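As a basis for the values below, the full set of heavy atoms in this structure was taken, side chains included, without hydrogen atoms, waters or symmetry mates. Labels below follow one simple rule: chain letters A, B, ... track the order of the sequence lines, proteins then strands, and each chain is numbered from 1. Please read all numbers here as calculations on a predicted model, not as lab measurements.
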Amino acid sequence: MKLYEYEGMELFRRYGIPVPGFEVASSPEEAAEAAGRLGGRVVVKAQVLVGGRGKAGGVKIADSPEEAGEHARRILGMSIRGERVERLVVAEAVDIARELYLGIILDRSIGAPLILASPEGGVDIEELARTKPERILKTPVEPFLGLKPYHIRRVARFLELPPDAQKQVGQILSGLYRLFIENDCELAEINPLVVKKDGGLLAIDSKIIVDDNSLYRHPELQERAGREMNKYEAEARRLGFSYVELDGNIGVICNGAGLTMATMDTVLVLGGRPANFLDIGGGARADRVEGAVSLLLSHPKAKILFINILGGITRCDEVARGIVNALGKAEAKKGMVVRLKGTNEEEGRRILEENGIHVVDEMDEAARKAVELAREV
Amino acid sequence: MKLYEYEGMELFRRYGIPVPGFEVASSPEEAAEAAGRLGGRVVVKAQVLVGGRGKAGGVKIADSPEEAGEHARRILGMSIRGERVERLVVAEAVDIARELYLGIILDRSIGAPLILASPEGGVDIEELARTKPERILKTPVEPFLGLKPYHIRRVARFLELPPDAQKQVGQILSGLYRLFIENDCELAEINPLVVKKDGGLLAIDSKIIVDDNSLYRHPELQERAGREMNKYEAEARRLGFSYVELDGNIGVICNGAGLTMATMDTVLVLGGRPANFLDIGGGARADRVEGAVSLLLSHPKAKILFINILGGITRCDEVARGIVNALGKAEAKKGMVVRLKGTNEEEGRRILEENGIHVVDEMDEAARKAVELAREV
Amino acid sequence: MAILLRKETGVVVQGITGREGSFHTKAMLGYGTRILAGVTPGKGGQEVEGVPVYDSVVEARESHPEITASIIFVPARFAPDAVYEAIEAGVELIVVITEGIPVHDTMRFVRYARMNGVTIIGPNCPGVITPGESKLGIMPGHVFKKGNVGVISRSGTLTYEIAYAMTRAGIGQSTAIGIGGDPIPGTGFIELLRMFEEDPETHAVVLIGEIGGDMEERAARYIADSGYSKPVVAYVAGRTAPPGKRMGHAGAIISMGVGDAESKIRAFKEAGVQVAELPSQIPELLSKALKR
Amino acid sequence: MAILLRKETGVVVQGITGREGSFHTKAMLGYGTRILAGVTPGKGGQEVEGVPVYDSVVEARESHPEITASIIFVPARFAPDAVYEAIEAGVELIVVITEGIPVHDTMRFVRYARMNGVTIIGPNCPGVITPGESKLGIMPGHVFKKGNVGVISRSGTLTYEIAYAMTRAGIGQSTAIGIGGDPIPGTGFIELLRMFEEDPETHAVVLIGEIGGDMEERAARYIADSGYSKPVVAYVAGRTAPPGKRMGHAGAIISMGVGDAESKIRAFKEAGVQVAELPSQIPELLSKALKR
């Protein structure tokens, strides 16, 4: 789960990481008032979960409350990479001497938190990793030991900070590490961490991703999960499916994430374009299958349906019943290819064929058929 | 550093371990008033750091404030194993169904916290370990993982508690473990942990030992360290020596704990009785040596002095100067044997012999001489 | 030979009295797995499918010292405790079926197991099967067949699909391992490749990867650098996956520019690994590789 | 042969710019120890006795990859950090001279080192010496002499006393290790006995124990149970120590009925170990044992 910039900044504040004064606004009036309270120059920043808001015109400096209100009027409602701007951060403008990068990721290959630091902040860290990897320090932290003074010294040296800034780096890095651990983060990033003209450090942007599996122990986050979803994504979430939308026209339903991806890949290789990833998981009963099929039947992008089930714990007869039930209630008819294999295969096949649905034996054959059908619509 | 019962009980309360209502009193009047406030039956308990106060008559039950006052009058000022009772705990009396034992020690052989639990509480755990070891559960805790639910289940089963008491055991054991870790304990013990007639659990006595090396991070304890020392012990502590008093008459001064013990052992084997353990540590200069010698010169029990130095970082000339200086300022003369070996040995020997002090070469010979001298006094 | 799991391996099922635990206990017993005990705290003394249930792994091992492996069907909130309990009790191989464990928890128990020399498979995995001998997992046993090809996969159902295709083509498996779909698996591709390298009954290996992380790239580098002596055939799922979206598995996500399928496929090809474009091509690639 | 420390062993001194660190760096260099680098954070670029100083152990090892051992002279509050830094940097042997480290800290770094296969000697110890080759510690080098007796001791000065007596009697030492006087030493008697057992140049072992804990009892049991092949002579200090009192060393305390000298002496005798009543008797006992 991605957090908005302002949510991350609030976390920063809570963990003793210095941030500029800021307020959240959702109207031009609120933005102007906030600018008035903050006094002097402010930055007005669009709150979106996608990247690239700066290039899209979502970040503006204002010298007066009136100007802040004008910027807010232009930015609110903007669409940035498909995401509508609903909220703004109005923050004190800062006199910047240098911009640094400081982040912690949960590194998959070492299976531990990895501190990333660079004296070149404010830029895209992925881009920097490609072009100047030597400018990024990567130092792992043993989770059983936590952050140690030697990590802090190493980071401070790499960031080319004077010795008297070491204490402040220690405070910021310790806070970021505690934030990372206590909030089950996959990523906790300060970019940029700025050195002010007076030498002090300040976090002026946040990027935080929290592990979805951990949300049960962060109830305040769990409440907010799924807020950026469209209605189909929200419905899939409600039904407990893994669901991702793509640009194609072949709706895909499978059991198992790997099989679903492989099914989509097969469609692609055979010349088709999948409309989605939809994994019904293991052991789904008829009602769950019905929910999945109904979801795609109602989705305008999925012109035809490709259902690929390899039964193990999942029973083919239950799948068949689910499909039939969904079709019975559907308003629109759509082309459909069903491949069914495994537990109770014969019964499933019987149910489907009684209802006029042909069952294909092999995955490649089924995919080819789906691609053909999709060409015809 | 040992804590008094009431200090441990206060820690218990702070860590969510249920304790009966109690107050600390240092006069019969205070005890009676406390009993009045607590209401009903109370227990009046001597606060000493040694064991065995029950058998010494230091624990009494009172049915009224008056009786509590009378008990207090008798117990205050009592000497229990050489320790004068200065303070009392007045605590609510509890209706006890069963007495259990629950403790955590830092186990040296496994190098980790070890939970000890027994359904036979209220008795001396060392005695129980000898007589009924099978009645004590020992379960280690990995410090990098901390206390886990399976530890709690294991302890609750061994304590023969009903399943509905498991939650309370979990709370108590979790509290005790946090107390143990956060206070750098060598031992944190609840003995007895009682099961009340109504099924609830209550800690009614505490025994806590905190690692002396850790006191710098527990300033509130560091202030109180050394409070039970006599004036010689306090002086040795002030000077930074390791110092322990014994019952003999030969004062021993050495450098290094092992050498000091071995010197005392040699005295014993050769028929003498050491008056103390005094280790001046490594690299002591003349002023430190002077302090050590003066301390024993002023101590009535040390009839003669045996100084055994093997110089490494410690320089023999500095030792010699320290001895001479101390003797120069001493009021009483005492017999003295000095053995000096190692760094700057010749210079040290010269200084001492110029001042009429004979230096012995070998440790056994020196010890024999000290034992002989001690026989003569 | 096979790796990790043999007919003799003594097994304890943690969470045996639950719906999943009891269902798969029956299936594993049916396959021939030597399940000696089950554990569910508070249910000690019961039986499930004739298997005695204990309150703790320590007690199960005291009564059945031949237990060296555990399979965990405990809900995500309690699964880490079950893993630590099994490690403390001296179990050597732990298969964690449980899905949805917070990755910070997994990071800790995976590191701890490794430091203590314990092998963890999973979490969020189908388990391990040595066809014809024993099954420590939830895979349908009948799609597998005893043979000479080792299978290592990040996926569940896709593995059955591929194993089934192999079996129908007459190509059996020495051992098949689903390492799980989480970002930090207890055991990765390289460790298992190493074990298969040393197993004389394994003549070739199938690697089934997917998007997310760089385990495929590291395995490819290992194969190239070590001069891996057995043919490896790979498949990578997720060529259609967009960046930043979790494709079902918690670990199947392209993030911070790392983890797309093209990078993995390229790495395998550069390491001389045959890459199947479709899962259905694997049996044929294997046949060719085994003939050489 | 000797154990742990050889002439070739490359050493880094952590805390080299401090009073203790620089003093003993000079003494160790004088003895022939191969000190390649020193570390003091913030003092990188300086030199101490001609040894280059770095800001971190990682940097020291990058410049001097032959470093495999470290000796730590860092104050108690910062010593654990220095240990972890050395472990992370890949050092294999760490001697912790520092006294007064809280035992909870020691417990953690000792466990962590063990899990990572790193050997720690100390804390609160004189270190390791392989006479005639190298000295990684604070002991006076001249009391030791190259020879065939391994020495393992919980004490400092007492060890020098005994080594000196041995040396004067013409009995040299293969390696002498002071494991330190704290309750939880990084390496105990049994591990070192095992190493000496495998060292062909060690013909006998002296164990110098003291009150506190049960390390002597466990060593005695190990000697008896393993059929230890080399003669062992022991001395146990502290027969006059009263219970509950710390005799200088944090670990030298009889507590909860465990750790008195009689128990240890009895255990050694029962294991067939010759026990000296006085330190001065050790050379004679050794001479007899070596003649057999």
Chain B contact via [X] - which portion, at a heavy-atom distance below 4.5 Å:
| X | answer |
| --- | --- |
| D:Met247 | both |
| D:Tyr235 | side chain |
| D:Val236 | backbone |
| D:Ile162 | neither |
| D:Pro242 | side chain |
| D:Arg218 | side chain |
| D:His24 | side chain |

Kindly compute the distance separating [atom1] ([X]) from [atom2] ([Y]), expressed to the nearest 0.5 Å.
| X | Y | atom1 | atom2 | value |
| --- | --- | --- | --- | --- |
| D:Asp214 | B:Arg108 | CG | CZ | 8.0 Å |
| D:His249 | B:Ser242 | NE2 | OG | 8.5 Å |
| D:Ile253 | B:Ile209 | CD1 | CD1 | 7.0 Å |
| D:Thr157 | B:Leu310 | OG1 | CG | 6.5 Å |
| B:Thr263 | D:Glu161 | OG1 | CD | 7.5 Å |
| D:Glu277 | B:Leu270 | CD | CG | 8.5 Å |

Contacting moiety of [X], where chain D heavy atoms sit under 4.5 Å:
| X | answer |
| --- | --- |
| B:Glu362 | side chain |
| B:Tyr243 | neither |
| B:Ile105 | side chain |
| B:Asn255 | both |
| B:Leu278 | neither |

Non-hydrogen atoms of [X] and [Y] that approach each other most closely:
| X | Y | value |
| --- | --- | --- |
| D:Met107 | B:Pro143 | CE-CB, 3.6 Å |
| B:Asp265 | D:Gly238 | OD2-N, 2.6 Å |
| B:Gly258 | D:Ala237 | O-CB, 4.1 Å |
| B:Cys185 | D:His104 | O-NE2, 2.6 Å |
| B:Ala262 | D:Leu158 | CB-CD1, 3.6 Å |
| B:Gly111 | D:Ile184 | CA-CD1, 3.7 Å |

Is there side-chain contact between D:Pro279 and B:Thr266, with at least one heavy-atom pair below 4.5 Å?
yes
Within-4.5 Å side-chain heavy-atom neighbours: B:Lys341 and D:Tyr164:
yes
Audit row: B:Glu245, D:Lys245, salt bridge (Lys or Arg N to Asp or Glu O under 4.0 Å) steps and yes/no:
CA-CA 9 Å; B:Glu245 300 203 339; D:Lys245 296 284 182 182; over 6 Å; no
Going by distance alone, is a donor N or O of one side chain under 3.5 Å from an acceptor N or O of the other, for D:Ser280 and B:Asp364?
yes
Given the options [options], which has more heavy-atom pairs under 4.5 Å with chain D than any of the others?
| options | value |
| --- | --- |
| B:Cys254, B:Gly256, B:Gly283, B:Ala112 | B:Ala112 |
| B:Asp247, B:Thr314, B:Ile181 | B:Ile181 |
| B:Val269, B:Leu268, B:Asp279 | B:Val269 |
| B:Gly248, B:Pro274, B:Ala257 | B:Ala257 |
| B:Asp107, B:Asn213, B:Val267 | B:Asn213 |

Do you know which of D:Ser155, D:Gly257, D:Gly100, D:Pro140 has the most heavy-atom pairs with chain B at a distance under 4.5 angstrom?
D:Gly100
Greatest number of heavy atom pairs closer than 4.5 Å to chain B - which of D:Ala250, D:Gly213, D:Ala241, D:Gly188
D:Gly213
Test side-chain contact (heavy atoms from CB on, under 4.5 Å) on D:Ile211 and B:Met261 and set out the steps.
CA-CA 9 Å; D:Ile211 56 156; B:Met261 281 189 273; 3.9 Å; yes
Is there a donor-acceptor pair closer than 3.5 Å between any side-chain N or O of D:Arg111 and the backbone N or O of B:Ile110?
yes
Under 3.5 Å, is there a donor-acceptor pair between the side chain of B:Ser214 and the main chain of D:Pro102?
no
I would like to know whether B:Asp212 and D:Arg246 meet side-chain contact (heavy atoms from CB on, under 4.5 Å); could you show each step before the answer?
CA-CA 10 Å; B:Asp212 289 339; D:Arg246 178 158 295 174; 3.3 Å; yes
List the steps, then state whether salt bridge (Lys or Arg N to Asp or Glu O under 4.0 Å) holds for D:Asp105 with B:Arg217.
CA-CA 12 Å; D:Asp105 291 356; B:Arg217 52 190 178 204; 2.9 Å; yes
Full working for side-chain contact (heavy atoms from CB on, under 4.5 Å) between D:Val103 and B:Asp184
CA-CA 8 Å; D:Val103 65; B:Asp184 280 289; over 6 Å; no
